[in-house]
Colleague: 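So that we are looking at the same thing, I have put the structure below in structure tokens.
First listed ligand is number 1; within each ligand, the first listed atom is number 1.
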Amino acid sequence: MRKKIAAANWKMNCTLQEGEKLIDEILKSGIVLQEHQCSIFAVPYPYLINVQHQLTGQKNYFVAAQNCHQQKSGAYTGEVSAAMLASMQIPYCIIGHSERRMYNNETNAILAEKINLCYDNNITPIFCCGESLETRESGSQNDFVAKQITASLFHLPVEKIKTIIIAYEPIWAIGTGKTASTEQAQEMHQYIRSVLSDKYGKAVADDIPILYGGSVKPDNANELFACADVDGGLVGGASLKANDFTAIIKALPG
Ligand code: PGA
């Protein structure tokens, strides 16, 4: 069975103490994740070790970085490399979040470099894609998302891409309270899977988790996660409230 994933993206939120309390409260709810389910916390770099320790011994709970640099190492003050994350045994890293594409000018080509460095360091990328409102209104969202995927991922050999996690996050739904309808989400997820299938074959595409992101909340998680090609969510705002994120983890299909 394909993995079902509830991933939290804290972005630039929470102090160390607030973050610790948040994880504590979520773990206290005592959810036992099944074999095919997992929950991932993408937290700011300075908290990675701390959160990793908090999650030690918790089955199928993992920590993730929110980004890594596209160069192996060097004179890039303030940046963090994939090798550094690997040396801390960080298993996952978000790559290509729309906020980084927008504010840090991360192009599809730069993201391909980051993806390679993740794989070189045994870090599983959570690759984000998704169109703007303008692109959706022009009806070209499928072509746009396919281009993001082909340009940043399709140089990968099958052994690598088969371990990736993809997150479809329409920019118009991020932090806006406006969620894609289940029809819109399912349609795009199915399309992404067909793009993967055309290149790597159906068996590989059928195994890749595709998460939905963009205003996932406790009251829409159940119906979104019930869509055939939606394998969980990448959650921003609602991941900062213990009760909300707990409810979202519980919405993962059993
Ligand atoms: P949101 O953010 O849940 O606050 O819309 C999602 C994301 O950007 O990953």
Side-chain angles (χ1 to χ4, degrees), residues 3-14 18-19 22-23 26 38-45 47-48 51 61-68 90 92-106 111 114-115 118 124-136 141 144-145 148-149 152 164-182 184-185 188-189 192 209-225 227 230-252:
K3 276 235 152 35
K4 304 292 175 187
I5 302 168
N9 176 13
W10 289 2
K11 310 189 181 185
M12 197 174 73
N13 291 298
C14 291
E18 286 163 352
L22 180 56
I23 300 257
I26 292 165
C38 82
S39 184
I40 300 175
F41 294 86
V43 304
Y45 292 134
Y47 309 160
L48 284 168
V51 171
Y61 285 88
F62 302 100
V63 69
Q66 297 176 6
N67 175 46
C68 68
I90 303 304
Y92 297 97
C93 182
I94 296 179
I95 297 291
H97 191 281
S98 59
E99 286 151 16
R100 293 206 57 89
R101 290 177 187 260
M102 196 163 16
Y103 304 133
N104 299 78
N105 303 317
E106 294 190 354
L111 298 176
K114 295 188 182 211
I115 290 281
C118 282
T124 301
I126 302 170
F127 177 76
C128 299
C129 56
E131 80 287 354
S132 64
L133 184 58
E134 201 184 3
T135 302
R136 176 149 292 257
Q141 67 272 16
F144 183 86
V145 169
Q148 289 181 318
I149 291 174
S152 298
I164 206 163
I165 298 169
I166 292 180
Y168 167 62
E169 300 202 306
I171 297 170
W172 46 272
I174 296 178
T176 57
K178 201 168 155 189
T179 318
S181 67
T182 49
Q184 286 170 322
M188 179 59 87
H189 283 229
I192 291 172
I210 306 175
L211 315 184
Y212 168 79
S215 300
V216 175
K217 302 267 180 311
D219 60 5
N220 59 26
N222 276 299
E223 58 171 12
L224 282 164
F225 298 175
C227 297
V230 177
D231 303 309
L234 179 56
V235 187
S239 76
L240 300 172
K241 294 183 195 129
N243 287 343
D244 284 4
F245 195 60
T246 302
I248 291 168
I249 300 176
K250 284 186 182 154
L252 289 175

Colleague: Please indicate whether any nitrogen or oxygen in His97 is less than 3.5 Å from any nitrogen or oxygen in ligand 1.
Modeller: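 It does: an N or O of His97 is found under 3.5 Å from an N or O of ligand 1.
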
Colleague: Among side-chain atoms of Trp172 and Glu134, is any donor-acceptor pair under 3.5 angstrom?
Modeller: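 No.
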
Colleague: Determine whether the aromatic ring centres of Phe41 and Phe245 lie less than 6.0 Å apart.
Modeller: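 Yes - the distance between ring centres of Phe41 and Phe245 falls below the 6.0 Å cut-off.
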
Colleague: Please check this pair: side chain of Asn9 against backbone of Gly236, looking for a donor-acceptor N/O pair closer than 3.5 Å.
Modeller: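 No; zero donor-acceptor contacts below 3.5 Å.
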
Colleague: So is Gly233 in contact with ligand 1, going by heavy-atom distances below 4.0 Å?
Modeller: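 Gly233 does not count as a contact of ligand 1 under the 4.0 Å cut-off.
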
Colleague: Distance from Ile95 atom CD1 to Leu111 atom CG, nearest 0.5 Å?
Modeller: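 Answer rounded to 0.5 Å: 7.0 Å.
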
Colleague: Would one find an N or O of Gly214, backbone or side chain, under 3.5 Å from an N or O of ligand 1?
Modeller: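 No, no N or O pair falls under 3.5 Å.
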
Colleague: Can you find a pair of side-chain heavy atoms, one from Met188 and one from Tyr212, that are under 4.5 Å apart?
Modeller: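 Side-chain contact under 4.5 Å: no.
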
Colleague: Do Asn67 and Tyr45 come within less than 4.5 Å of each other through their side chains, counting heavy atoms only?
Modeller: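 Asn67 vs Tyr45: side chains touch.
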
Colleague: Is Gly236 in polar range of ligand 1, meaning some N or O pair under 3.5 Å apart?
Modeller: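 Yes, since at least one N or O of Gly236 sits under 3.5 Å from an N or O of ligand 1.
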
Colleague: Provide the number and element of each atom of ligand 1 under 4.0 Å from a heavy atom of Asn9.
Modeller: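 Listed by number with element: 9 (O).
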
Colleague: Short list, please: which atoms of ligand 1 are under 4.0 Å from a heavy atom of Ala173?
Modeller: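 Contacts of ligand 1 toward Ala173, numbered from 1: 5 (O).
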
Colleague: Should the proximity of Ala167 to ligand 1, defined as any heavy atom under 4.0 Å, be assigned to the side chain, the backbone, both, or neither?
Modeller: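 Neither; no heavy atom under 4.0 Å.
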
Colleague: Which residue supplies the protein heavy atom nearest to atom 4 (O) of ligand 1, what is that atom called, and how far is it?
Modeller: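 Heavy-atom neighbour on the protein nearest atom 4 (O) of ligand 1: Gly237 N, 2.8 Å.
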
Colleague: Roughly how far, to the nearest 0.5 Å, is CD1 of Ile174 from CD of Glu99?
Modeller: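 Separation between the atoms: 6.0 Å.
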
Colleague: Look up atom OH in Tyr168 and atom CD1 in Ile192, then write down how far apart they are to the nearest 0.5 Å.
Modeller: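 Result: 7.0 Å between the selected atoms.
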
Colleague: I'd like to check which ligand 1 atoms, numbered from 1 as shown, lie under 4.0 Å from a non-hydrogen atom of Gly175.
Modeller: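 So the atoms of ligand 1 that pass are 1 (P), 4 (O), 5 (O).
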
Colleague: Any idea which protein heavy atom is nearest atom 7 (C) of ligand 1, and the distance to it?
Modeller: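 Minimum-distance protein heavy atom for atom 7 (C) of ligand 1 reads Glu169 OE2, 3.1 Å.
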
Colleague: Only heavy atoms of Ser215, strictly under 4.0 Å: list the atoms of ligand 1 that pass.
Modeller: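 Those qualifying, in numeric order: 1 (P), 3 (O), 5 (O).
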
